[in-house]
Number of protein chains: 2
Amino acid sequence: MATETEENYIKAIFKITEKNQGTANTNAVAQHLNTSPASVTDMLKRLSEKEYFHYEKYKGVYLTTKGIKLATNLVRKHRLWEVFLVDKLKFQWDEVHDIAEQLEHVDSDELITRLDTFLGNPKYDPHGDPIPNADGKFTLRSQTSLMNLQKGETGIVVGVRNHDTPFLQYLNKICVNLGTKISVVNNIDFDHSKEVSIDDENRVILSQKACVNIYVKKTND
Amino acid sequence: MATETEENYIKAIFKITEKNQGTANTNAVAQHLNTSPASVTDMLKRLSEKEYFHYEKYKGVYLTTKGIKLATNLVRKHRLWEVFLVDKLKFQWDEVHDIAEQLEHVDSDELITRLDTFLGNPKYDPHGDPIPNADGKFTLRSQTSLMNLQKGETGIVVGVRNHDTPFLQYLNKICVNLGTKISVVNNIDFDHSKEVSIDDENRVILSQKACVNIYVKKTND
DNA sequence: TCACATTTTTAGACTAATCTAAATTATAAT
DNA sequence: ATTATAATTTAGATTAGTCTAAAAATGTGA
Ligand SMILES: [Mn+2]
Ligand SMILES: [Mn+2]
Ligand SMILES: [Mn+2]
Ligand SMILES: [Mn+2]
(Lines give C-alpha, C1' and ligand atoms only; values in the text may rest on other atoms or scores of the structure.)
(Ligands and ions follow the chains in the order given, each with its own letter.)
Protein backbone atom coordinates (compact mmCIF):
# COMPACT_ATOMS: atom_id res chain seq x y z
CA MET A 1 0.00 0.00 0.00
CA ALA A 2 1.18 3.49 -0.84
CA THR A 3 1.57 6.01 1.96
CA GLU A 4 -0.47 9.20 1.94
CA THR A 5 2.60 11.13 0.80
CA GLU A 6 3.24 8.73 -2.04
CA GLU A 7 -0.39 8.98 -3.10
CA ASN A 8 -0.17 12.75 -3.19
CA TYR A 9 2.92 12.62 -5.39
CA ILE A 10 1.30 10.23 -7.83
CA LYS A 11 -1.88 12.26 -8.01
CA ALA A 12 0.13 15.44 -8.59
CA ILE A 13 2.02 13.78 -11.43
CA PHE A 14 -1.25 12.59 -12.92
CA LYS A 15 -2.74 16.08 -12.82
CA ILE A 16 0.36 17.65 -14.33
CA THR A 17 0.72 15.10 -17.12
CA GLU A 18 -2.96 15.61 -18.00
CA LYS A 19 -2.14 19.15 -19.14
CA ASN A 20 1.53 18.93 -19.98
CA GLN A 21 1.85 16.57 -22.98
CA GLY A 22 2.26 13.43 -20.91
CA THR A 23 5.28 14.24 -18.73
CA ALA A 24 5.79 15.98 -15.41
CA ASN A 25 9.01 17.74 -14.50
CA THR A 26 10.56 18.24 -11.10
CA ASN A 27 9.70 21.88 -10.57
CA ALA A 28 6.07 21.41 -11.56
CA VAL A 29 5.67 18.64 -9.01
CA ALA A 30 7.42 20.69 -6.36
CA GLN A 31 5.13 23.64 -6.98
CA HIS A 32 2.03 21.46 -7.00
CA LEU A 33 2.91 19.88 -3.66
CA ASN A 34 4.48 22.91 -2.05
CA THR A 35 7.81 21.21 -1.45
CA SER A 36 11.36 21.82 -2.56
CA PRO A 37 12.65 20.49 -5.90
CA ALA A 38 15.31 18.60 -3.93
CA SER A 39 12.65 16.68 -2.02
CA VAL A 40 10.89 15.87 -5.25
CA THR A 41 14.01 14.49 -6.93
CA ASP A 42 14.53 12.28 -3.92
CA MET A 43 10.98 11.01 -4.02
CA LEU A 44 10.97 10.46 -7.77
CA LYS A 45 13.92 8.14 -7.43
CA ARG A 46 12.28 6.11 -4.69
CA LEU A 47 8.81 5.99 -6.21
CA SER A 48 10.00 5.04 -9.69
CA GLU A 49 11.61 2.00 -8.10
CA LYS A 50 8.13 1.03 -6.97
CA GLU A 51 7.08 1.15 -10.63
CA TYR A 52 4.49 3.89 -10.38
CA PHE A 53 6.19 5.82 -13.18
CA HIS A 54 9.27 5.98 -15.38
CA TYR A 55 11.94 8.42 -14.35
CA GLU A 56 14.99 9.53 -16.25
CA LYS A 57 17.35 12.08 -14.80
CA TYR A 58 16.67 15.60 -16.05
CA LYS A 59 13.85 14.29 -18.25
CA GLY A 60 10.90 14.22 -15.87
CA VAL A 61 8.49 11.33 -15.31
CA TYR A 62 5.45 9.67 -16.84
CA LEU A 63 3.09 7.26 -15.13
CA THR A 64 2.96 3.50 -15.66
CA THR A 65 -0.35 1.65 -15.89
CA LYS A 66 -0.01 0.93 -12.18
CA GLY A 67 0.47 4.63 -11.47
CA ILE A 68 -2.46 5.71 -13.63
CA LYS A 69 -4.68 3.18 -11.89
CA LEU A 70 -3.73 4.47 -8.46
CA ALA A 71 -4.14 8.12 -9.49
CA THR A 72 -7.49 7.53 -11.15
CA ASN A 73 -8.79 5.77 -8.08
CA LEU A 74 -7.70 8.72 -5.93
CA VAL A 75 -9.53 11.10 -8.23
CA ARG A 76 -12.60 8.86 -8.00
CA LYS A 77 -12.49 8.85 -4.20
CA HIS A 78 -11.86 12.58 -3.99
CA ARG A 79 -14.79 13.46 -6.22
CA LEU A 80 -17.21 11.02 -4.62
CA TRP A 81 -16.43 12.48 -1.21
CA GLU A 82 -16.99 15.97 -2.61
CA VAL A 83 -20.42 14.89 -3.79
CA PHE A 84 -21.15 13.54 -0.32
CA LEU A 85 -20.07 16.77 1.33
CA VAL A 86 -22.20 18.96 -0.92
CA ASP A 87 -25.25 16.77 -1.51
CA LYS A 88 -25.58 15.21 1.94
CA LEU A 89 -23.81 17.53 4.35
CA LYS A 90 -24.81 20.73 2.54
CA PHE A 91 -21.37 22.25 2.25
CA GLN A 92 -20.86 24.92 -0.42
CA TRP A 93 -18.81 23.91 -3.45
CA ASP A 94 -15.95 26.16 -2.38
CA GLU A 95 -15.60 24.49 1.02
CA VAL A 96 -15.10 20.85 0.15
CA HIS A 97 -11.73 20.50 -1.52
CA ASP A 98 -9.47 20.41 1.53
CA ILE A 99 -11.67 17.93 3.36
CA ALA A 100 -11.86 15.64 0.32
CA GLU A 101 -8.09 15.93 0.10
CA GLN A 102 -7.97 14.06 3.42
CA LEU A 103 -10.87 11.68 2.86
CA GLU A 104 -9.46 10.44 -0.44
CA HIS A 105 -6.70 8.63 1.44
CA VAL A 106 -8.99 6.46 3.54
CA ASP A 107 -8.28 2.92 2.44
CA SER A 108 -11.30 0.68 1.85
CA ASP A 109 -12.67 -0.44 -1.49
CA GLU A 110 -15.90 -1.55 0.12
CA LEU A 111 -16.36 1.94 1.57
CA ILE A 112 -16.11 3.57 -1.86
CA THR A 113 -18.39 1.04 -3.50
CA ARG A 114 -21.05 1.67 -0.87
CA LEU A 115 -20.54 5.44 -0.89
CA ASP A 116 -20.99 5.44 -4.66
CA THR A 117 -24.27 3.54 -4.30
CA PHE A 118 -25.43 5.75 -1.45
CA LEU A 119 -24.87 8.84 -3.58
CA GLY A 120 -26.73 7.34 -6.53
CA ASN A 121 -23.67 6.63 -8.71
CA PRO A 122 -23.03 10.25 -9.64
CA LYS A 123 -21.12 10.89 -12.88
CA TYR A 124 -19.93 14.41 -11.98
CA ASP A 125 -18.68 16.10 -8.84
CA PRO A 126 -19.89 19.46 -7.44
CA HIS A 127 -17.51 21.30 -9.76
CA GLY A 128 -18.73 19.45 -12.82
CA ASP A 129 -15.65 17.25 -13.03
CA PRO A 130 -16.26 13.68 -14.19
CA ILE A 131 -16.01 10.87 -11.65
CA PRO A 132 -14.18 7.84 -13.03
CA ASN A 133 -15.93 4.53 -12.45
CA ALA A 134 -14.32 1.61 -10.61
CA ASP A 135 -12.46 0.67 -13.81
CA GLY A 136 -11.06 4.16 -14.22
CA LYS A 137 -13.30 5.17 -17.13
CA PHE A 138 -14.42 8.82 -17.23
CA THR A 139 -17.80 9.83 -18.65
CA LEU A 140 -16.95 12.62 -21.04
CA ARG A 141 -19.30 15.39 -21.99
CA SER A 142 -19.41 17.94 -24.77
CA GLN A 143 -18.70 21.33 -23.28
CA THR A 144 -17.18 24.63 -24.24
CA SER A 145 -15.85 27.66 -22.46
CA LEU A 146 -18.36 30.47 -21.94
CA MET A 147 -15.81 32.52 -23.87
CA ASN A 148 -16.87 30.73 -27.06
CA LEU A 149 -20.54 31.69 -26.82
CA GLN A 150 -21.57 34.35 -29.33
CA LYS A 151 -24.01 37.19 -28.76
CA GLY A 152 -27.51 35.78 -28.42
CA GLU A 153 -26.38 32.25 -27.62
CA THR A 154 -27.32 30.43 -24.42
CA GLY A 155 -25.67 27.70 -22.35
CA ILE A 156 -26.09 25.72 -19.17
CA VAL A 157 -23.18 25.80 -16.71
CA VAL A 158 -21.68 22.32 -16.45
CA GLY A 159 -18.33 22.96 -14.85
CA VAL A 160 -15.53 25.29 -13.82
CA ARG A 161 -11.91 25.34 -14.92
CA ASN A 162 -10.56 27.17 -11.89
CA HIS A 163 -11.37 25.66 -8.47
CA ASP A 164 -10.01 28.38 -6.21
CA THR A 165 -12.19 29.50 -3.32
CA PRO A 166 -12.36 33.21 -4.30
CA PHE A 167 -13.56 32.36 -7.80
CA LEU A 168 -16.17 29.88 -6.58
CA GLN A 169 -17.40 32.35 -3.96
CA TYR A 170 -17.65 35.02 -6.62
CA LEU A 171 -19.84 32.67 -8.66
CA ASN A 172 -21.97 32.01 -5.58
CA LYS A 173 -22.48 35.73 -5.18
CA ILE A 174 -23.67 36.27 -8.73
CA CYS A 175 -25.87 33.14 -8.49
CA VAL A 176 -23.90 31.04 -10.94
CA ASN A 177 -23.88 27.33 -10.17
CA LEU A 178 -23.96 24.01 -11.99
CA GLY A 179 -27.21 24.02 -13.96
CA THR A 180 -27.44 27.79 -14.18
CA LYS A 181 -28.59 29.15 -17.57
CA ILE A 182 -26.41 31.89 -19.03
CA SER A 183 -27.18 33.90 -22.17
CA VAL A 184 -24.73 36.26 -23.85
CA VAL A 185 -26.37 39.64 -24.24
CA ASN A 186 -23.37 41.54 -25.54
CA ASN A 187 -19.74 40.98 -26.37
CA ILE A 188 -17.60 43.86 -25.26
CA ASP A 189 -14.76 43.80 -27.79
CA PHE A 190 -12.66 46.33 -25.96
CA ASP A 191 -11.57 43.95 -23.16
CA HIS A 192 -13.22 40.72 -24.32
CA SER A 193 -15.66 40.78 -21.42
CA LYS A 194 -19.29 39.77 -21.86
CA GLU A 195 -22.59 41.11 -20.67
CA VAL A 196 -24.64 38.07 -19.74
CA SER A 197 -28.06 37.25 -18.38
CA ILE A 198 -28.14 34.74 -15.54
CA ASP A 199 -31.21 32.50 -15.31
CA ASP A 200 -33.17 35.24 -17.13
CA GLU A 201 -32.98 37.30 -13.98
CA ASN A 202 -29.76 39.18 -13.39
CA ARG A 203 -27.57 41.03 -15.84
CA VAL A 204 -23.85 40.91 -15.11
CA ILE A 205 -20.61 41.77 -16.85
CA LEU A 206 -18.17 38.85 -16.79
CA SER A 207 -14.49 39.47 -17.45
CA GLN A 208 -12.60 37.43 -19.99
CA LYS A 209 -10.87 35.61 -17.17
CA ALA A 210 -14.20 34.68 -15.59
CA CYS A 211 -15.63 33.50 -18.94
CA VAL A 212 -12.62 31.32 -19.69
CA ASN A 213 -13.13 29.55 -16.37
CA ILE A 214 -16.79 28.68 -16.83
CA TYR A 215 -17.74 25.65 -18.90
CA VAL A 216 -21.16 25.48 -20.51
CA LYS A 217 -23.20 23.19 -22.71
CA LYS A 218 -24.76 25.15 -25.57
CA THR A 219 -28.55 25.03 -25.82
CA ASN A 220 -30.94 26.16 -28.56
CA ASP A 221 -32.90 28.63 -26.54
CA MET B 1 -2.13 19.94 15.37
CA ALA B 2 -1.35 16.45 16.57
CA THR B 3 -0.17 13.89 14.00
CA GLU B 4 -2.20 10.75 13.40
CA THR B 5 0.33 8.77 15.42
CA GLU B 6 0.13 11.18 18.33
CA GLU B 7 -3.64 11.00 18.23
CA ASN B 8 -3.52 7.21 18.37
CA TYR B 9 -1.24 7.30 21.41
CA ILE B 10 -3.48 9.74 23.24
CA LYS B 11 -6.61 7.75 22.44
CA ALA B 12 -4.93 4.55 23.61
CA ILE B 13 -3.95 6.18 26.89
CA PHE B 14 -7.50 7.44 27.31
CA LYS B 15 -8.96 3.96 26.77
CA ILE B 16 -6.48 2.36 29.15
CA THR B 17 -6.93 4.89 31.93
CA GLU B 18 -10.71 4.46 31.63
CA LYS B 19 -10.35 0.92 32.97
CA ASN B 20 -7.11 1.07 34.90
CA GLN B 21 -7.67 3.45 37.85
CA GLY B 22 -6.58 6.56 35.98
CA THR B 23 -3.07 5.67 34.84
CA ALA B 24 -1.60 3.91 31.80
CA ASN B 25 1.71 2.10 31.89
CA THR B 26 4.20 1.54 29.11
CA ASN B 27 3.46 -2.08 28.34
CA ALA B 28 -0.27 -1.53 28.20
CA VAL B 29 0.15 1.25 25.67
CA ALA B 30 2.59 -0.86 23.65
CA GLN B 31 0.16 -3.75 23.56
CA HIS B 32 -2.75 -1.51 22.66
CA LEU B 33 -0.88 0.04 19.73
CA ASN B 34 1.04 -3.04 18.67
CA THR B 35 4.42 -1.40 19.10
CA SER B 36 7.46 -2.08 21.23
CA PRO B 37 7.71 -0.76 24.79
CA ALA B 38 10.88 1.06 23.74
CA SER B 39 8.97 3.04 21.12
CA VAL B 40 6.33 3.88 23.67
CA THR B 41 8.83 5.21 26.21
CA ASP B 42 10.27 7.41 23.52
CA MET B 43 6.89 8.74 22.53
CA LEU B 44 5.75 9.30 26.11
CA LYS B 45 8.71 11.58 26.67
CA ARG B 46 8.03 13.62 23.59
CA LEU B 47 4.25 13.83 23.99
CA SER B 48 4.39 14.75 27.65
CA GLU B 49 6.45 17.76 26.62
CA LYS B 50 3.48 18.80 24.53
CA GLU B 51 1.37 18.70 27.69
CA TYR B 52 -1.08 16.00 26.65
CA PHE B 53 -0.33 14.05 29.83
CA HIS B 54 1.93 13.83 32.86
CA TYR B 55 4.74 11.33 32.67
CA GLU B 56 7.05 10.15 35.40
CA LYS B 57 9.69 7.54 34.69
CA TYR B 58 8.58 4.04 35.67
CA LYS B 59 5.28 5.43 36.92
CA GLY B 60 3.18 5.57 33.74
CA VAL B 61 1.09 8.49 32.52
CA TYR B 62 -2.21 10.24 33.07
CA LEU B 63 -3.90 12.70 30.75
CA THR B 64 -4.11 16.45 31.23
CA THR B 65 -7.31 18.37 30.46
CA LYS B 66 -5.85 19.07 27.03
CA GLY B 67 -5.25 15.36 26.49
CA ILE B 68 -8.71 14.35 27.66
CA LYS B 69 -10.26 16.89 25.35
CA LEU B 70 -8.35 15.58 22.36
CA ALA B 71 -9.12 11.94 23.20
CA THR B 72 -12.81 12.60 23.77
CA ASN B 73 -13.09 14.37 20.46
CA LEU B 74 -11.47 11.40 18.72
CA VAL B 75 -13.95 9.05 20.37
CA ARG B 76 -16.75 11.34 19.24
CA LYS B 77 -15.51 11.34 15.68
CA HIS B 78 -14.92 7.59 15.64
CA ARG B 79 -18.41 6.78 16.88
CA LEU B 80 -20.19 9.26 14.63
CA TRP B 81 -18.45 7.77 11.61
CA GLU B 82 -19.48 4.30 12.76
CA VAL B 83 -23.09 5.46 12.86
CA PHE B 84 -22.70 6.80 9.34
CA LEU B 85 -21.23 3.55 8.07
CA VAL B 86 -23.99 1.41 9.57
CA ASP B 87 -27.04 3.67 9.23
CA LYS B 88 -26.29 5.20 5.84
CA LEU B 89 -23.91 2.85 4.06
CA LYS B 90 -25.48 -0.32 5.49
CA PHE B 91 -22.32 -1.91 6.80
CA GLN B 92 -22.68 -4.59 9.48
CA TRP B 93 -21.63 -3.61 13.00
CA ASP B 94 -18.61 -5.92 12.84
CA GLU B 95 -17.22 -4.25 9.69
CA VAL B 96 -16.94 -0.62 10.69
CA HIS B 97 -14.21 -0.34 13.29
CA ASP B 98 -11.15 -0.30 11.04
CA ILE B 99 -12.65 2.21 8.66
CA ALA B 100 -13.70 4.52 11.50
CA GLU B 101 -10.17 4.16 12.84
CA GLN B 102 -9.01 6.00 9.73
CA LEU B 103 -11.89 8.45 9.39
CA GLU B 104 -11.53 9.67 12.97
CA HIS B 105 -8.31 11.44 12.01
CA VAL B 106 -9.80 13.64 9.31
CA ASP B 107 -9.37 17.17 10.59
CA SER B 108 -12.40 19.46 10.26
CA ASP B 109 -14.69 20.63 13.04
CA GLU B 110 -17.26 21.78 10.53
CA LEU B 111 -17.34 18.30 9.01
CA ILE B 112 -18.15 16.69 12.34
CA THR B 113 -20.78 19.26 13.23
CA ARG B 114 -22.54 18.66 9.93
CA LEU B 115 -22.12 14.90 10.10
CA ASP B 116 -23.71 14.92 13.55
CA THR B 117 -26.67 16.88 12.22
CA PHE B 118 -26.97 14.68 9.14
CA LEU B 119 -27.13 11.58 11.35
CA GLY B 120 -29.77 13.12 13.60
CA ASN B 121 -27.50 13.79 16.60
CA PRO B 122 -27.21 10.17 17.68
CA LYS B 123 -26.41 9.50 21.33
CA TYR B 124 -25.05 5.96 20.82
CA ASP B 125 -22.96 4.22 18.19
CA PRO B 126 -23.75 0.88 16.48
CA HIS B 127 -22.23 -1.01 19.43
CA GLY B 128 -24.27 0.90 21.98
CA ASP B 129 -21.34 3.04 23.10
CA PRO B 130 -22.20 6.62 24.04
CA ILE B 131 -21.15 9.42 21.69
CA PRO B 132 -19.75 12.42 23.57
CA ASN B 133 -21.19 15.77 22.49
CA ALA B 134 -19.04 18.64 21.22
CA ASP B 135 -18.20 19.56 24.84
CA GLY B 136 -17.07 16.04 25.63
CA LYS B 137 -20.10 15.07 27.73
CA PHE B 138 -21.27 11.47 27.49
CA THR B 139 -24.94 10.52 27.82
CA LEU B 140 -24.90 7.72 30.35
CA ARG B 141 -27.47 5.00 30.56
CA SER B 142 -28.47 2.47 33.18
CA GLN B 143 -27.41 -0.93 31.96
CA THR B 144 -26.33 -4.26 33.34
CA SER B 145 -24.58 -7.33 32.04
CA LEU B 146 -26.88 -10.08 30.80
CA MET B 147 -25.09 -12.17 33.44
CA ASN B 148 -27.01 -10.34 36.14
CA LEU B 149 -30.46 -11.24 34.81
CA GLN B 150 -32.26 -13.86 36.89
CA LYS B 151 -34.44 -16.67 35.64
CA GLY B 152 -37.65 -15.17 34.25
CA GLU B 153 -36.25 -11.67 33.82
CA THR B 154 -36.16 -9.86 30.50
CA GLY B 155 -33.94 -7.16 29.00
CA ILE B 156 -33.32 -5.21 25.84
CA VAL B 157 -29.82 -5.35 24.37
CA VAL B 158 -28.25 -1.90 24.57
CA GLY B 159 -24.57 -2.62 24.03
CA VAL B 160 -21.64 -5.00 23.89
CA ARG B 161 -18.53 -5.13 26.03
CA ASN B 162 -16.36 -7.00 23.54
CA HIS B 163 -16.08 -5.49 20.04
CA ASP B 164 -14.16 -8.25 18.26
CA THR B 165 -15.41 -9.34 14.87
CA PRO B 166 -15.94 -13.04 15.74
CA PHE B 167 -18.11 -12.14 18.74
CA LEU B 168 -20.19 -9.62 16.77
CA GLN B 169 -20.64 -12.08 13.92
CA TYR B 170 -21.73 -14.74 16.38
CA LEU B 171 -24.37 -12.34 17.69
CA ASN B 172 -25.47 -11.65 14.11
CA LYS B 173 -25.91 -15.36 13.57
CA ILE B 174 -28.11 -15.85 16.62
CA CYS B 175 -30.06 -12.69 15.72
CA VAL B 176 -28.88 -10.61 18.65
CA ASN B 177 -28.57 -6.92 17.91
CA LEU B 178 -29.11 -3.58 19.61
CA GLY B 179 -32.79 -3.51 20.54
CA THR B 180 -33.17 -7.28 20.68
CA LYS B 181 -35.32 -8.60 23.57
CA ILE B 182 -33.72 -11.36 25.62
CA SER B 183 -35.42 -13.36 28.40
CA VAL B 184 -33.64 -15.73 30.72
CA VAL B 185 -35.40 -19.10 30.63
CA ASN B 186 -32.96 -21.03 32.77
CA ASN B 187 -29.75 -20.53 34.65
CA ILE B 188 -27.40 -23.46 34.26
CA ASP B 189 -25.44 -23.44 37.50
CA PHE B 190 -22.92 -26.00 36.38
CA ASP B 191 -21.01 -23.68 34.02
CA HIS B 192 -22.89 -20.41 34.64
CA SER B 193 -24.36 -20.46 31.14
CA LYS B 194 -27.93 -19.37 30.45
CA GLU B 195 -30.75 -20.65 28.35
CA VAL B 196 -32.37 -17.57 26.83
CA SER B 197 -35.20 -16.70 24.51
CA ILE B 198 -34.39 -14.21 21.76
CA ASP B 199 -37.20 -11.91 20.62
CA ASP B 200 -39.65 -14.61 21.81
CA GLU B 201 -38.59 -16.69 18.85
CA ASN B 202 -35.37 -18.64 19.23
CA ARG B 203 -34.08 -20.53 22.23
CA VAL B 204 -30.29 -20.49 22.64
CA ILE B 205 -27.72 -21.38 25.28
CA LEU B 206 -25.34 -18.51 25.94
CA SER B 207 -22.02 -19.20 27.67
CA GLN B 208 -20.95 -17.17 30.68
CA LYS B 209 -18.41 -15.41 28.49
CA ALA B 210 -21.10 -14.42 26.00
CA CYS B 211 -23.43 -13.19 28.75
CA VAL B 212 -20.76 -11.05 30.36
CA ASN B 213 -20.20 -9.30 27.05
CA ILE B 214 -23.83 -8.37 26.40
CA TYR B 215 -25.28 -5.30 28.08
CA VAL B 216 -29.02 -5.07 28.60
CA LYS B 217 -31.56 -2.72 30.09
CA LYS B 218 -33.95 -4.62 32.35
CA THR B 219 -37.64 -4.43 31.47
CA ASN B 220 -40.76 -5.48 33.38
CA ASP B 221 -42.07 -7.93 30.86
C1' DT C 1 29.37 28.29 -30.03
C1' DC C 2 29.71 30.54 -25.78
C1' DA C 3 27.88 32.73 -21.85
C1' DC C 4 24.10 33.04 -18.75
C1' DA C 5 19.88 31.68 -16.72
C1' DT C 6 17.07 27.96 -15.46
C1' DT C 7 16.28 23.40 -14.02
C1' DT C 8 17.64 19.51 -11.74
C1' DT C 9 20.43 16.80 -8.88
C1' DT C 10 23.65 15.90 -5.04
C1' DA C 11 25.46 16.48 -0.42
C1' DG C 12 24.63 16.78 4.14
C1' DA C 13 21.57 17.47 7.86
C1' DC C 14 17.19 17.16 10.52
C1' DT C 15 12.65 15.27 12.66
C1' DA C 16 9.18 11.70 13.50
C1' DA C 17 8.49 7.14 14.31
C1' DT C 18 9.98 2.86 14.65
C1' DC C 19 13.04 -1.40 15.90
C1' DT C 20 16.40 -4.82 18.68
C1' DA C 21 19.48 -5.64 22.29
C1' DA C 22 21.26 -4.38 26.53
C1' DA C 23 21.03 -2.02 30.91
C1' DT C 24 18.38 -0.46 34.68
C1' DT C 25 14.64 -0.17 38.00
C1' DA C 26 10.66 -2.00 40.29
C1' DT C 27 8.06 -5.92 42.23
C1' DA C 28 7.16 -10.22 44.18
C1' DA C 29 8.60 -14.47 46.31
C1' DT C 30 11.26 -16.89 49.04
C1' DA D 1 17.06 -9.21 52.88
C1' DT D 2 18.15 -11.52 48.71
C1' DT D 3 17.10 -13.07 44.54
C1' DA D 4 14.46 -13.86 40.57
C1' DT D 5 11.12 -11.99 37.35
C1' DA D 6 8.83 -8.48 35.06
C1' DA D 7 8.52 -3.77 33.49
C1' DT D 8 10.78 0.06 31.80
C1' DT D 9 14.30 2.78 29.93
C1' DT D 10 18.57 3.62 27.25
C1' DA D 11 21.65 3.02 23.39
C1' DG D 12 22.24 2.71 18.79
C1' DA D 13 20.36 2.04 14.31
C1' DT D 14 16.89 2.43 10.43
C1' DT D 15 13.36 4.40 7.21
C1' DA D 16 10.34 8.07 5.28
C1' DG D 17 10.10 12.58 4.29
C1' DT D 18 11.74 16.94 4.41
C1' DC D 19 15.09 21.09 4.12
C1' DT D 20 19.17 24.41 2.46
C1' DA D 21 23.18 25.22 -0.06
C1' DA D 22 26.12 23.90 -3.59
C1' DA D 23 27.21 21.48 -7.85
C1' DA D 24 26.01 19.85 -12.32
C1' DA D 25 23.30 19.58 -16.43
C1' DT D 26 20.31 21.63 -19.75
C1' DG D 27 18.57 25.13 -22.73
C1' DT D 28 18.62 29.85 -24.98
C1' DG D 29 19.96 33.92 -27.25
C1' DA D 30 23.39 36.61 -29.20
MN1 LIG E 1 -4.43 14.28 -0.57
MN1 LIG F 1 -13.96 18.76 -7.47
MN1 LIG G 1 -6.81 5.74 14.56
MN1 LIG H 1 -18.08 1.48 18.27
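Every chain is numbered from 1, with letters handed out A, B, ... down the list of sequences.
You'll find that the side chain of A:N27 is closest to C:dT8, out of C:dC19, D:dG17, C:dT8. Considering only the side chain of A:S36, D:dC19 comes nearest among D:dC19, C:dC19, C:dT9. Comparing atom distances between the B:T41 side chain and each of D:dT9, C:dT9, C:dA17 picks out D:dT9 as nearest. Candidate nucleotides C:dT8, D:dT9, C:dT9 were compared by shortest atom distance to the side chain of B:K57, and D:dT9 ranks first. Distances from the side chain of B:A38 to the nucleotides D:dG17, D:dC19, C:dA21 place C:dA21 closest.
Checking B:S39 against A:N34, the closest nucleotide of DNA chain D that is more toward the 5' end is the one next to B:S39.
Rounded to whole angstrom, the span from the NZ atom of A:K45 across to the C1' atom of C:dT9 amounts to 7 Å. The OH-P distance, from B:Y58 to C:dA26, rounds to 6 Å in whole Å. For B:Q31 and D:dT8, the CD to C1' distance is 15 Å, given to the nearest whole Å. Atom NZ in A:K59 sits about 14 Å away from atom P in D:dA25, given to the nearest Å. Taking atom CG of A:L44 as the reference point, atom P of C:dT10 lies 11 Å away to the nearest angstrom. What separates CG of B:L33 from P of C:dA17 is a distance of 12 Å, to the nearest Å. Atom OH in B:Y9 sits roughly 8 Å away from atom C1' in C:dT18 (whole-Å rounding). Separating the CZ atom of B:R46 from the P atom of C:dC14 is a distance of 17 Å, rounded to the nearest angstrom.
Considering NZ of A:K45 and OH of A:Y55, their distance stands at 6.5 Å, rounded to 0.5 Å.
Between B:T3 and C:dA16, a side-chain N or O to OP1/OP2 separation shorter than 4.0 Å is absent. Listed pair A:T5 / D:dG17 meets the phosphate criterion, a side-chain N or O lying under 4.0 Å from OP1 or OP2.
Aromatic ring centres of B:F84 and A:F84 lie closer together than 6.0 Å.
At a threshold of 4.0 angstrom between heavy atoms, the contacts of B:N25 are confined to the sugar-phosphate backbone, with no base atom among them.
Side chains of B:W93 and B:N177: no donor on one and acceptor on the other come within 3.5 Å.
The cationic group of B:K88 does not satisfy the cation-pi geometry with A:F118, failing either the under 6.0 Å distance to the six-membered ring centre or the 45° limit from the ring axis.
Classification of B:E6 and B:K50 as a salt-bridged pair holds, one side-chain N sitting under 4.0 Å from a carboxylate O.
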